[in-house]
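Everything on this sheet refers to the single structure shown next.
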Amino acid sequence: MNQNELFPGMDPGPEGIPFPGYDGDESVSESAPGMPFGSMPEEKAPAGPWDENVDIDDLYDHSRIPVSRPIRILTGVIGDGNGGMSTYAVNLFKALPESLVSVTFLSTSEHPFFEKEIKDHYGRIKVIPSRRRHPFAHKKAIRKIMEEESFDVCHIHLSTASNIDPIRIAVKKNIPLVISHIHSAGAEGGAVARFLHKLGAPKLSKLPIKRLACSEEAGKFGYAGGEYTVAPNAIDLTRFYWDEGRRDRFRSYYGIPENAFVLGHIGRFVPVKNQTCLLSLLEAVLKKRPDAVLLLCGDGPELESVRKKAEEMGLSEKVFFPGNIVNPQDAYCAMDAFLLPSLFEGFPLTAVEAYASGLPVLLSDHITREAKLGDAVAFFPLDGTFDTLADTVLAMEIPVEERESRGKELAVLGLDWGTQAEKMMVLYQTALQK
């Protein structure tokens, strides 16, 4: 686990969505809506920074600032894990135009989970000690990196405000644009972590920085009443789509019966994800659908306890644990319903990915309502009965022959990486004007 994060969490076919049977081997791409990166209408003035509490969609009308050199960006912090926060940071990096940016990642691991992807896209990695284990060396290493190279932007991704050292140091080193980006709506962990967050959040709200949050709830949690701009999470819509071939291959590989009714979940096995709740749900669904099974993808400290609980409940043959998979797009296709019983979330990427893949999505009532992407998303009370939830799941079932991708809907909402990268570049380019 990345000790510094503490709580981590393309090939379009016709009309920009993958065509049936696409296998990902050959690629073509379409640019996101708007002007190409780096171009600017002659009659318009350079863009300014995102205004506080302004709808992110307003950024579409901002002009682009021509750049004479790549924008030097320091970002992270990443580590051994592939939690949602690190995944977002790396996917954003991959979506940025390589010729216009030079990106360096802070990492608490010498060989972070995303090392190959970062290097394949011309990114650099600077290793720093874990703040949890070596707090003084952690600060010293960050300070040295910022002194050795002149960065235009420091974009730090956070689950909580428990460690804001990179942001505070960047401000002191006069980096032109410093961004804090909150990706969670709650603090997982013990009393010390929660205490550090309570100390750090008010400080973040007062620093002369740009404050971003993945949702309104995340912003309220991360900035203690300070102003912020919502920048909703995005996904690769050319990767997540419905395909029956993917469904068949995944089920066959993991021994899931071809005609089973699959309840599915993807997430780290940590208390906040609340996976044991899904075992009780499976029991209730089995009374009505004997062909039901549960697919739990992911890894983490709670994995073995959940596996043991399944055994104690006599569900071992009905629950599948494929581990930390690298092909979640196929897992979504293999499911018949996606469930996220989390105690809190910032803006769950897995819910967006599942929705894009044509699934009915059921989220706990502790998750931000901004995840209500359409009629196929429903919220359920964590203190409700499992029999009632089972009825809801079965009522939302979508027959295989009627299932469709929802990429177009999500593109309209601006939840694709092309849109996200374009808007972030507008913000990054303001650093060159300071």
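Quick note: residue numbers are just sequence positions, from 1.
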Apply side chain to side chain contact (heavy atoms under 4.5 Å, CB included) to the pair Thr75 and Leu92, showing each step before the final yes or no.
CA-CA 11 Å; Thr75 192; Leu92 171 60; over 6 Å; no

Could you go through the side chain to side chain contact (heavy atoms under 4.5 Å, CB included) check for Asn163 and Arg132 one step at a time?
CA-CA 9 Å; Asn163 178 16; Arg132 177 179 293 179; over 6 Å; no

Working to the nearest 0.5 angstrom, can you tell me the gap between Lys203 NZ and Lys198 NZ?
15.0 Å

Contact between Leu389 and Leu362 at the side-chain level, heavy atoms closer than 4.5 Å - yes or no?
yes

Please tell me if the side chains of Cys154 and Lys173 come closer than 4.5 Å, counting only heavy atoms from C-beta onward.
no

Using a strict cut-off of less than 4.0 Å between a Lys/Arg side-chain nitrogen and an Asp/Glu carboxylate oxygen, indicate whether Lys126 and Glu149 qualify as a salt bridge.
no

On a heavy-atom basis, the closest approach of Ala421 and Leu96 is O-CD2, 4.0 Å

Within the structure provided, determine whether Ser86 and His157 are in side-chain contact (heavy-atom separation under 4.5 Å).
no

Gln329 versus Tyr241, side-chain donor and acceptor atoms under 3.5 Å
no

Under 4.5 Å between any side-chain heavy atoms of Ile167 and Leu158, yes or no?
yes

Measure from the side-chain N and O atoms of His181 to the backbone N and O of Ala89, and report whether any donor-acceptor pair falls under 3.5 Å.
no

Is there a side-chain contact between Ile398 and Arg403 in this structure, where contact means two heavy atoms from C-beta onward sitting under 4.5 Å apart?
yes

Ignoring hydrogens and geometry beyond distance, is a side-chain donor-acceptor pair present between Tyr223 and Ser180 at under 3.5 Å?
yes

Side chain to side chain contact (heavy atoms under 4.5 Å, CB included) between Val393 and Phe261, worked out
CA-CA 11 Å; Val393 172; Phe261 180 70; 4.0 Å; yes

Parallel, tilted or perpendicular: which one describes the rings of His155 and Tyr428, with boundaries at 30° and 60°?
perpendicular

How close do Ile235 and Ala356 get, counting heavy atoms only, and between which atoms?
CD1-CB, 3.8 Å

Would you say the side chain of Val285 lies within less than 4.5 Å of the side chain of Leu394, judging by non-hydrogen atoms?
yes

Suppose we call two aromatic rings close when their centres sit under 6.0 Å apart. Are Phe105 and Phe93 close by that rule?
yes

To the nearest 0.5 angstrom, please state how far the NZ atom of Lys318 sits from the CG atom of Leu263.
10.5 Å

Of the non-hydrogen atoms in Phe151 and Ile73, which two are nearest, and what is the gap between them?
CD2-C, 3.9 Å

Does the Gln420 side chain pair with the main chain of Pro232, one donor and one acceptor, at a distance under 3.5 Å?
yes

Main-chain N/O of Ser215 paired with Tyr228 side-chain donor or acceptor, under 3.5 Å
no

CD1 (Ile128) and CD1 (Ile125) are apart, to the nearest 0.5 Å, by 12.0 Å

Only one of His366, Lys273, His183 clears side-chain hydrogen bond (donor to acceptor under 3.5 Å, both in side chains) with Glu345; which?
Lys273

Would you give the length of the straight line joining atom CG of Leu196 to atom CZ of Arg131, rounded to the nearest 0.5 angstrom?
5.5 Å

Has Gln275 got a side-chain atom pairing as donor or acceptor with Arg268's backbone, closer than 3.5 angstrom?
yes

Is a donor on one side and an acceptor on the other found under 3.5 Å between the side chain of His197 and the backbone of Ala193?
no

Whether the side chain of Ser405 engages the backbone of Trp242 through a donor-acceptor N/O pair (distance < 3.5 Å, no angle test) should be reported.
yes

Counting only heavy atoms not in Glu404, do more than 12 sit closer than 6.0 Å to its CD atom?
no

Looking at every non-hydrogen atom in both residues, tell me the closest pair between Val101 and Met425 and how far apart they are.
CG1-SD, 3.8 Å

With distance as the sole test, does Asp152 use its side chain to make a donor-acceptor pair with the main-chain N or O of Arg72 at under 3.5 Å?
yes

Is any side-chain heavy atom of Pro176 less than 4.5 Å from a side-chain heavy atom of Gln433?
no

Mind listing the closest non-hydrogen atom pair of Val377 and Tyr355 along with its distance?
CG2-CD1, 3.6 Å

Just by modelled atom types, is the Ile367 backbone N or O under 3.5 Å from a matching donor or acceptor in the Arg369 side chain?
yes

Taking NZ, NE, NH1 and NH2 as the nitrogens, is one of them in Glu258 or Arg247 under 4.0 Å from a carboxylate oxygen of the other?
no

Can you tell me if Asp120 has over 12 outside heavy atoms packed within less than 6.0 Å of its CG?
yes

Where Leu382 and Pro341 come nearest, the two heavy atoms and their spacing:
CD2-O, 3.7 Å

Got a second to check how far Phe380's CZ is from Thr385's OG1, nearest 0.5 Å?
11.5 Å

Thinking salt bridges, do Arg251 and Asp336 make one under a 4.0 Å N-O criterion?
yes

Quick check: does any side chain N or O of Arg406 sit under 3.5 Å from a backbone N or O of Val352, one acting as donor and the other as acceptor?
no

Let's go through Glu244 and Asp248 carefully: what are the C-alpha distance in whole Å and the side-chain angles of both, what is the deciding distance for side chain to side chain contact (heavy atoms under 4.5 Å, CB included) to 0.1 Å, and is it a yes or a no?
CA-CA 6 Å; Glu244 192 168 355; Asp248 295 341; 4.1 Å; yes

Just verifying a value: how many Å separate Phe240 CZ and Thr350 OG1, rounded to the nearest 0.5 Å?
10.0 Å

Determine whether Leu279 and Val319 make a side-chain contact, defined as any pair of heavy atoms from C-beta on separated by less than 4.5 Å.
yes

For Leu415, is there any backbone N or O sitting under 3.5 Å from a side-chain donor or acceptor partner on Thr419?
no

